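Data first, discussion second: the structure below is written as structure tokens.
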Amino acid sequence: MIIILTSKLIGNSNKGSLITSGTKKRPDDRAFDEMRPLKIEAGVLERADGSAYLEIGDNKVLAAVYGPRELHVRRLLKPNMAILRCRYNMAPFSVEDRKRPGPDRRSVEISKITTEALNPSVFLEKFPRSTIDIFIEVLQAEGGTRCAGISAASVALADAGIPMRDMVAACAAGKSDGQVIMDLSEWEDKEGEADLPIAMMPRTGDITLLQMDGHLTSDEFQQALDLAIKGCQIISEEQKNAIKNRYGD
Amino acid sequence: MVQSIVPQIIKESVVNLIQKGERADGRALDQYREISLETGIIKKAEGSARVKIGKTQIVVGAKPQIGEPFPDTPNVGVLITNSELLPMAAPNFEAGPPNETSVELARVTDRCIREGEVLDLEKLVIIPGKKVWMIFLDLHIVDYDGNLMDAAVLGSLAALSNTKIPSTTIEGDEVVIDYEKMVPIPIKEQPLMCTLAKIGGELVADPSLEEDDVLDARISIGLRVDGSICAMQKGGSVPLTREEILKSIEIAQEKTKELRKSIPKE
Amino acid sequence: MLLIEDKQIVVPGEILAEGDFHSGRGTFKDADKVCSSLVGLVAVRDKKISVIPLQSKYIPKRGDVVIGKISDIRFSMWNLDINSPYSGILPAAEVFGKEKRELNRAFDVGDVLFLRVVDVDEVKKVKLGLKGRGLGKFRGGILIHITPTKVPRLIGKKGSMINMIKDQTKCEVVVGQNGVVWVKGKPEMERIVQKVIKTIEEEAHTSGLTDRIKNMLFELLGEKTEKTEKTNKEEDFEEELIQ
């Protein structure tokens with residue numbers, strides 16, 4: 001029999017959420033429409049054709065791109081365009097309880113929706129019969145890693161010189177403590193009422209990823225969607241800065 | 001992992017240079033590339049480090065878990081080392097279950113850390129024969145630019161030195177874990193590994209990617225602070241002579257002294 | 001209306017101009033907007049806007065010269081890695097004519113060759129050939145990889161940059177349009193050329209590069225050379241890159 005005296009999770013992030021309920025502040029003192037601190041860096045790896053490192057809150061995510069490169073699996077080959085392949089993976093040490101290495105159902109699903117979120121942004125038709133491979137590694141997870149991964153991957157694609165219609169930015173909104181909020185933390189995601197991650201191409205506003213779980217009225221959904229869109233726009237600006245900083249502009 | 005084909009002229013130029021006592025990146029034969037080491041970079045891991053040797057980059061995380069000891073060693077804690085050669089790290093690395101190279105890397109690192117007695121495994125026992133701390137050491141290789149072994153051991157040592165575990169008390173037949181009271185994991189020794197590549201009949205320290213690709217043989221030597229040997233691994237299909245092995249140990253003893261300076265003082 | 005300045009660094013999706021402008025290389029049109037599809041430098045020429053990429057992969061074109069590495073030997077051809085999403089083939093007939101000979105007698109896996117792209121068909125099969133001056137197998141030397149979009153910058157206007165490097169270091173230098181560069185000379189000179197070429201790659205998007213490279217060469221070569229006269233002016237690098 002094992003008794004855990006102080007749960008790490010509660011110890012870290014449940015700082016008086018009940019006290020703040022009803023006010024505009026969140027457990028980490030953010031406003032409802034405030035994003036966690038964000039940092040993006042492009043070109044962080046030597047071997048990859050393109051790469052990016054992204055931190056949002058305590059999330060730490062690396063993305064690398066190889067390609068367009070020769071595709072050796074013939075059955076996947078498309079005669080008139082490149083294919084995009086994405087692998088989202090979490091480091092065993094990225095979460096409280098060690099994750100077993102290798103893909104699980106969650107990471108397989110996220111890999112798929114990430115591919116679909118990025119696909120419309122890439123001029124795949126320019127590289128028929130080839131593959132563009134994206135690898136996302138979550139080094140530390142604190143809620144919202146799929147969005148962090150997509151935003152990082154898009155910077156890595158740009159860094160690799162892959163032609164795109166836009167850089168895809170991703171951000172979640174949701175509902176926690178009865179309030180609709182932007183960019184849910186891990187605690188808000190776990191304890192909250194709803195989570196709505198989206199990805200979009202900011203220039204046109206086209207949404208390329210949409211997931212939701214929880215419970216929202218249609219009014220709340222609309223509020224959440226607008227907050228997520230606003231979040232994507234903030235991230236988009238940082239993505240551009242990351243690329244421009246790389247070349248000292 | 002697909003073996004990359006090294007252009008013949010590259011092989012020749014690397015070998016020719018080394019035979020003249022020079023290296024393509026301008027280093028001396030026994031010189032390491034720049035080393036950087038940061039610890040405590042992953043808050044979710046009880047111990048962590050990011051190590052870079054040249055452009056080779058590994059993120060190491062250590063996570064303790066309570067588990068049962070192995071039946072044949074009921075009175076010591078457990079260390080489990082695992083490595084992932086991520087497909088992001090090199091164009092010829094593939095996703096999937098660990099391949100030979102990855103398993104070898106994890107096992108050699110494990111041997112050096114274990115036999116070098118980094119951890120006092122006896123102090124990781126909570127209830128003898130029943131409950132012990134299991135330390136999972138995960139090596140996440142994110143950028144491969146040659147010489148993974150030395151980076152893996154250096155990163156592992158740094159991550160473990162940085163690891164804190166919750167204190168435990170036993171009340172009746174229950175284990176009480178107190179996450180508010182984290183204590184550093186007991187560290188006994190600080191072994192390090194030095195890898196030498198045999199290229200064109202010469203020994204070079206810290207092989208670069210190019211050198212790793214063309215080397216005839218490789219010898220990795222794990223050494224404790226006092227210079228005694230705790231682990232060794234020969235790689236590559238060309239044999240080594242007795243003299244080469246002894247010379248390697250001498251070089252490694254010098255080089256690990258230098259490497260030790262990159263370990264941050266806790 | 002032009003929304004950016006000439007030579008500015010832009011990112012994919014960035015709107016470069018609205019209204020009466022033409023979309024050049026590295027850009028696309030969305031209604032009346034010209035947008036960048038790449039990370040690169042803007043080049044405005046009258047009403048035509050282009051973006052010169054800072055990073056790219058080599059896409060084979062008929063007539064290009066490339067440096068390739070033999071990766072496999074097949075029944076009647078060699079397979080070559082040409083640093084591209086599309087690998088190349090060198091038919092045995094290109095080398096032996098109608099004669100039947102063992103392929104590995106001529107070229108083996110790992111050999112590095114200077115070749116011409118003879119044809120690229122609709123399924124992206126890249127046929128390579130060796131007919132032409134200077135084409136064939138390299139012996140000795142080293143290889144340097146740069147991003148293929150920076151090849152024009154390395155060559156310079158009418159070969160000014162590459163000739164300066166060759167003259168100063170007394171190295172043979174062969175540049176493949178696929179971003180692979182072969183250098184052969186004294187080993188210490190080969191390394192100087194490598195350093196210089198890597199600098200050109202990193203700083204290709206900055207101005208005043210030719211003079212900086214010249215100074216760098218002088219510094220690296222120390223007293224080994226005498227200073228030559230200063231070149232008259234920094235060439236217009238977009239011109240080279242756009243070619």
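Only a predicted model underlies this, so the values are computations on that prediction, with no experimental measurement involved. Chain letters run A, B, ... following the sequence lines, proteins first, then strands; residues in each count from 1.
- Looking only at heavy-atom pairs under 4.5 Å with chain C, the residue among A/Lys126, A/Met167, A/Gln239 that has the most is A/Met167.
- When heavy atoms are compared at a cutoff of 4.5 Å, A/Leu157 does not approach chain C at all.
- A donor-acceptor contact shorter than 3.5 Å is absent between the side chain of A/Arg69 and the backbone of C/Pro85.
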Begin from the C-alpha positions of A/Tyr247 and C/Val39 and carry the test side chain to side chain contact (heavy atoms under 4.5 Å, CB included) through to its verdict. CA-CA 10 Å; A/Tyr247 295 100; C/Val39 176; 3.9 Å; yes

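- Looking at C/Val10, the atoms closer than 4.5 Å to chain A (heavy atoms on both sides) all sit in the backbone: N, CA, C or O.
- Shown here for C/Val11 and A/Lys244, the closest heavy-atom pair between the two residues is CG1-CE, 4.1 Å.
- Interface remark: A/Phe123 contributes side-chain atoms only to the contact with chain C (heavy atom separation under 4.5 Å).
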Please walk me through it: do C/Gln55 and A/Asp159 pass side chain to side chain contact (heavy atoms under 4.5 Å, CB included)? CA-CA 7 Å; C/Gln55 181 80 39; A/Asp159 184 48; 5.7 Å; no

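- If you tally non-hydrogen atom pairs under 4.5 Å between each of A/Pro202, A/Ala82, A/Pro68 and chain C, the highest count goes to A/Pro68.
- Counting non-hydrogen atoms of neighbouring residues, nucleotides and ligands closer than 6.0 angstrom, the CG atom of C/Asp46 reaches no more than 12 such neighbours.
- Using a 4.5 Å heavy-atom cutoff, the side chains of A/Glu70 and C/Lys124 are not in contact.
- Crowding of C/Lys195 atom NZ: a count of heavy atoms from other residues, nucleotides or ligands under 6.0 Å not exceeding 12.
- Here the closest heavy-atom approach between residue C/Tyr86 and residue A/Pro128 is recorded as OH-O, 2.5 Å.
- Annotation: side chain of A/Met164 is not in contact with side chain of C/Ser37 (no heavy-atom distance under 4.5 Å).
- For A/Thr204, the part lying under 4.5 angstrom from a heavy atom of chain C is the side chain only.
- Residue A/Arg106 qualifies as enclosed at atom CZ: its count of foreign heavy atoms under 6.0 Å is above 12.
- For a residue to count as touching a neighbouring chain, one of its non-hydrogen atoms must lie under 4.5 Å from one of that chain's; by this rule A/Ala158 touches chain C with backbone and side chain alike.
- Here the shortest heavy-atom pairing between A/Asp49 and C/Lys57 reads OD2-NZ, 3.1 Å.
- Surrounding NZ of C/Lys125 are at most 12 heavy atoms belonging to other residues, nucleotides or ligands under 6.0 Å away.
- Interface remark: C/Thr147 contributes no atoms to any contact with chain A (heavy atom separation under 4.5 Å).
- Here the side chain of A/Arg203 pairs no donor or acceptor atom with the backbone of C/Glu14 at under 3.5 angstrom.
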